[in-house]
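See structure below.
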Amino acid sequence: MQIIPETGISEKKLTLMMKFTALYDKYKDQWWALPLILPFMLYPVSQYLSAYGYVDGFEIPFYYLNMALMTVLTMIYGFKSIPGIVLCVFYRVCPDRGFEPAIMAVLHYFTSAAISCAGYYYFTGKRGRTGFGRYSLTWQRIFWLVFVNATLFLNYFQAVLYLGMYGSYQTMMYSNPFTTRTLINYQGMLVGNLTGVPLFYLVIRSIRTPSYVIKYLKKIRTQIAKDLRAVEVFCLFGSLIALTLLMILPGHHPFPLMNSVYTLTLLLPIMIWGTLRLGHGAISLVWWALLIVLSNNYHHYIPENADYKLHLAITSSCFSAFSITITLMAINISRQRALNVKTERLMSIDPVVHLPNLLALHSDLNKNTISVLCQLYMPDLELLGRHYGLLMQVQYKQQLAQFLKPVLKDDELIYISSGHDLIVRMSPLNAEKQISELYSKAQKFRFIRDGVKLYPQIGCSYCIINYPVGHLYLLIGELRALAEISLATNMPIDMRKQSSRKVQNQVKTKVDMMNQLQQALELDRFVLMVQPIESEDGDRYHEVLIRMLGNNDELIFPDTFLPLAHEFGMSSSIDLWVLNNTMKYMDETRHTQPNQRFAINLTPASICRADMAALIENLLIRHGISPEQIVLEVTETHELTNNTQAEKTLDTLQRLGCKIAIDDFGTGYASYARLKTMRADILKIDGSFIHNIITSEMDYKIVESICELARMKNMTLVAEFVETEEIRNALFRMGIDYAQGYLIGKPAPIETLQVA
């Protein structure tokens with residue numbers, strides 16, 4: 001006989017078990033199977049756990065669970081439960097009371113359960129079959145399965161008693177419904193249904209589907225407070241057990257006051273404490289067990305004296321009030337915890353790409369002592385996104401992440417970063433080999449859009465990171481810089497290598513400069529410089545230049561911070577700062593230096609802003625500056641020539657009265673072709689053609705040709721980088737209108753103009 005090692009069970013026994021399981025699953029819900037067997041199995045249990053008392057010689061249910069059992073059977077099996085309920089009740093009642101009371105009992109149970117379940121399912125539908133503890137179904141369940149059910153059952157019971165149809169079972173014969181006995185009876189059924197229905201539902205579902213027990217245990221685990229400790233659990237259950245024992249133990253112990261109905265009030269705060277910490281799933285079991293113990297031992301803490309009936313009624317009222325309070329609080333607490341878990345999960349998932357985000361990455365890194373981060377960088381996605389839209393970028397990342405999953409282990413995840421990156425968290429074991437496989441597989445990925453295969457370049461970088469992680473975002477920036485190098489080397493870049501340190505330092509320098517830029521904008525740590533631009537006859541205006549004050553008040557030149565300002569989206573804010581402060585200076589010195597003219601540089605980001613023309617107009621009005629006093633210099637770039645908004649902005653400013661100058665002409669994109677269509681007032685020839693104009697015939701001819709074309713369009717010409725008298729004289733002979741350079745004047749603070 002062959003033994004299966006994993007289970008220790010012979011193959012023959014395993015086959016028989018599988019056949020039995022298959023047959024059980026196939027036939028368990030037939031009317032002759034579980035719906036017929038379960039009533040006979042569980043009715044004695046519910047009868048045994050129920051508690052009965054005697055008031056004025058009549059038996060009354062103090063805690064009644066039979067009705068809860070019949071309700072759950074009807075709720076789960078519907079019409080299939082009829083044979084089982086009928087036969088079980090008839091079998092249990094007929095021998096003691098006779099045929100007619102048995103028939104009445106069958107109608108009694110099934111009518112109440114059927115009507116309440118029918119009303120419940122009418123309003124809830126199929127979702128009403130789900131497990132207990134759901135907030136959306138709570139009030140429907142309390143109303144139909146508890147209140148309506150118990151009310152129908154009691155009224156039917158009273159009617160049958162009044163008609164004397166329970167035979168010779170005299171202990172149940174009383175007809176006046178308006179008594180303390182009826183109140184206790186009704187409250188006993190309410191409590192029985194409120195606590196018994198969910199518990200019998202758990203029992204029957206577990207018998208019907210054993211895996212439901214595991215599901216319920218998981219639900220308990222998710223509902224328990226995360227910060228619950230063993231000491232608190234010990235104190236909670238220790239308090240409940242101690243109070244319960246003091247109440248149900250026989251008298252004559254050192255605490256006679258505890259043997260009274262008033263001790264019940266001490267249970268409520270402890271149960272609320274347990275409700276807040278354990279949630280609905282666990283506290284329901286605890287309260288059910290307490291109710292069974294307290295109900296079946298009520299005679300120990302309710303003395304049989306003149307106030308016996310009153311104390312019994314108070315006790316049943318406490319059970320009812322406590323049960324409703326605990327149930328509602330537990331469901332609300334569990335719902336709130338579920339919402340918190342859902343919120344935390346949603347916070348950790350990117351809402352567009354549906355991949356874990358950097359918050360989830362940070363949390364997962366802190367759970368592992370050592371991890372390897374691998375960053376995949378796809379810069380071409382931005383260009384493809386312009387043509388195919390955002391959806392293409394989203395689908396590309398989703399499909400690439402799915403494509404790479406076979407290379408990863410079960411506990412290794414792919415995260416979405418800002419921009420065009422994916423980050424992979426991996427275990428350090430054989431990381432280099434796994435990263436090589438990951439990179440090779442990523443390069444084989446092909447994204448198909450409209451029948452076209454797209455495969456943007458993918459850069460890859462990686463590093464080892466230890467717990468705890470306090471610099472994740474800086475690290476991601478460094479990895480991206482390394483991934484850019486990977487695009488050229490066509491291989492993954494390890495941050496630990498010496499060649500990577502230079503890039504890390506560059507990234508840190510960039511971040512430091514970004515912080516300085518932000519502080520400079522907030523604290524006005526910029527300095528305005530001016531350099532004169534002069535014509536042959538002495539007419540002069542000034543170009544405004546900018547410097548930034550460093551941490552030690554040193555001057556930082558624009559070629560250091562302006563590229564970063566453009567990269568981080570700050571260039572437009574710097575332009576507005578220069579415009580505002582230049583016009584402010586002009587306003588303050590209008591009496592001492594009237595008709596001053598200044599040329600101010602505008603970056604492509606500013607020209608492409610739809611509101612830039614309006615902002616400049618508002619500054620002119622605020623400071624009382626004539627538009628003719630302002631020359632706006634724009635650099636001829638590919639971004640400017642292909643941007644419709646830039647053309648609109650320049651046209652609006654020109655109509656406003658400002659002069660438009662094309663700066664650094666000759667070095668930009670398709671300069672001569674653009675000269676045909678550009679509508680500018682001033683053309684500034686780049687200094688690279690000027691400083692060798694005396695010695696280089698080629699430079700001389702280029703400048704001469706630019707002059708001829710500019711004169712045809714009636715544009716004013718300005719030459720940059722004029723450093724000698726020979727160059728200036730040659731330029732003026734050529735027809736240049738203005739010269740700018742160290743010969744004319746070096747950059748100086750704008751305040752020095754007042755002295756000049």
Side-chain angles (χ1 to χ4, degrees), residues 524 526-535 537-548 555 557-558 562 565 571-604 606-607 612-635 649-650 652-665 680-685 687 715-722 736-756:
D524 287 338
F526 288 110
V527 175
L528 291 181
M529 310 286 285
V530 291
Q531 185 176 22
I533 303 173
E534 190 175 69
S535 67
D537 59 5
D539 182 46
R540 174 178 285 203
Y541 70 97
H542 294 81
E543 179 181 1
V544 178
L545 306 173
I546 187 173
R547 306 288 186 264
M548 185 174 73
L555 289 179
F557 284 81
L562 282 184
S571 56
S572 181
S573 299
I574 294 176
D575 288 349
L576 287 172
W577 188 94
V578 174
L579 283 163
N580 180 57
N581 283 274
T582 302
M583 293 185 194
K584 182 180 178 183
Y585 170 80
M586 295 171 70
D587 187 14
E588 293 173 350
T589 61
R590 68 172 65 250
H591 298 296
T592 58
Q593 300 180 61
N595 301 320
Q596 279 274 20
R597 289 180 295 151
F598 289 97
I600 301 171
N601 288 277
L602 290 182
T603 59
S606 296
I607 300 299
M612 180 54 70
L615 291 172
I616 293 175
E617 183 179 7
N618 290 336
L619 288 174
L620 290 169
I621 294 172
R622 184 195 307 170
H623 297 290
I625 307 300
S626 173
E628 288 77 12
Q629 294 178 259
I630 299 297
V631 178
L632 298 172
E633 295 187 1
V634 295
T635 303
T649 302
L650 293 176
T652 303
L653 291 170
Q654 220 168 9
R655 289 200 308 269
L656 185 63
C658 297
K659 301 294 183 182
I660 303 298
I662 302 300
D663 196 14
D664 299 331
F665 183 81
D681 304 291
I682 301 171
L683 192 66
K684 296 187 70 174
I685 304 173
M715 299 175 70
T716 300
L717 283 164
V718 178
E720 301 177 319
F721 215 96
V722 179
I736 296 292
D737 300 296
Y738 287 86
Q740 179 181 5
Y742 280 6
L743 177 66
I744 310 301
K746 295 182 179 181
I750 194 171
E751 294 82 6
T752 61
L753 288 180
Q754 298 180 20
V755 181

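For reference, positions follow the sequence shown, starting with 1.
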- [ ] Using a 4.5 Å cut-off on heavy atoms from C-beta on, say whether the side chain of Arg547 contacts that of Leu545.
- [x] yes

TODO: Without swapping roles, check the side chain of Ser606 against the backbone of Leu602 for a donor-acceptor pair under 3.5 Å.
DONE: no

TODO: Specify the closest pair of heavy atoms between Ala739 and Val722, including all atoms of both residues, with the distance to one decimal.
DONE: CB-CG2, 3.9 Å

- [ ] Measure across Gln596 and Met586 and return the closest heavy-atom pair with its distance rounded to 0.1 Å.
- [x] O-CE, 3.4 Å

Open item on the list: Test your reading of the model: is there a side-chain donor-acceptor pair from Asn618 to the backbone of Ala614, 3.5 Å cut-off?
Closed with: yes

- [ ] Go through the structure and list residues passing side-chain contact (heavy atoms from CB on, under 4.5 Å) with Ala599, not counting sequence neighbours.
- [x] Tyr541, Glu543, Val631, Glu633

Task: side chain to side chain donor-acceptor pair (under 3.5 Å) involving Thr582 - partner list, sequence neighbours excluded - done: none

Open item on the list: Working note: Ile662 + Ile682, criterion side chain to side chain contact (heavy atoms under 4.5 Å, CB included); need CA distance, chi angles, decisive distance, verdict.
Closed with: CA-CA 6 Å; Ile662 302 300; Ile682 301 171; over 6 Å; no

Open item on the list: Among residues at least two apart in sequence or on other chains, which ones pass side-chain contact (heavy atoms from CB on, under 4.5 Å) with Asp537?
Closed with: Ser535, Asp539

Open item on the list: Glu534: which residues meet the side-chain contact (heavy atoms from CB on, under 4.5 Å) condition with it, sequence neighbours left out?
Closed with: Arg540, Arg728, Ile744

TODO: Start with the C-alpha gap between Leu620 and Met583, add the side-chain angles, then the distance that decides, and say whether side chain to side chain contact (heavy atoms under 4.5 Å, CB included) holds.
DONE: CA-CA 7 Å; Leu620 290 169; Met583 293 185 194; 3.6 Å; yes

Task: Residues that Gln654 engages under side-chain contact (heavy atoms from CB on, under 4.5 Å), provided they are two or more places apart - done: Ile660, Arg679, Asp681

TODO: Identify the heavy atoms of Met612 and Ser572 that sit nearest to each other, and give their distance.
DONE: CE-OG, 3.7 Å

Open item on the list: Could you tell me if Tyr585 and Gln593 have a donor-acceptor pair between their side chains, going purely by distance under 3.5 Å?
Closed with: yes

- [ ] Give a yes or no answer on whether the side chain of Asp575 reaches the backbone of Thr603 with a donor-acceptor pair at less than 3.5 Å.
- [x] yes

Open item on the list: Ser626: which residues meet the side chain to side chain donor-acceptor pair (under 3.5 Å) condition with it, sequence neighbours left out?
Closed with: Glu628

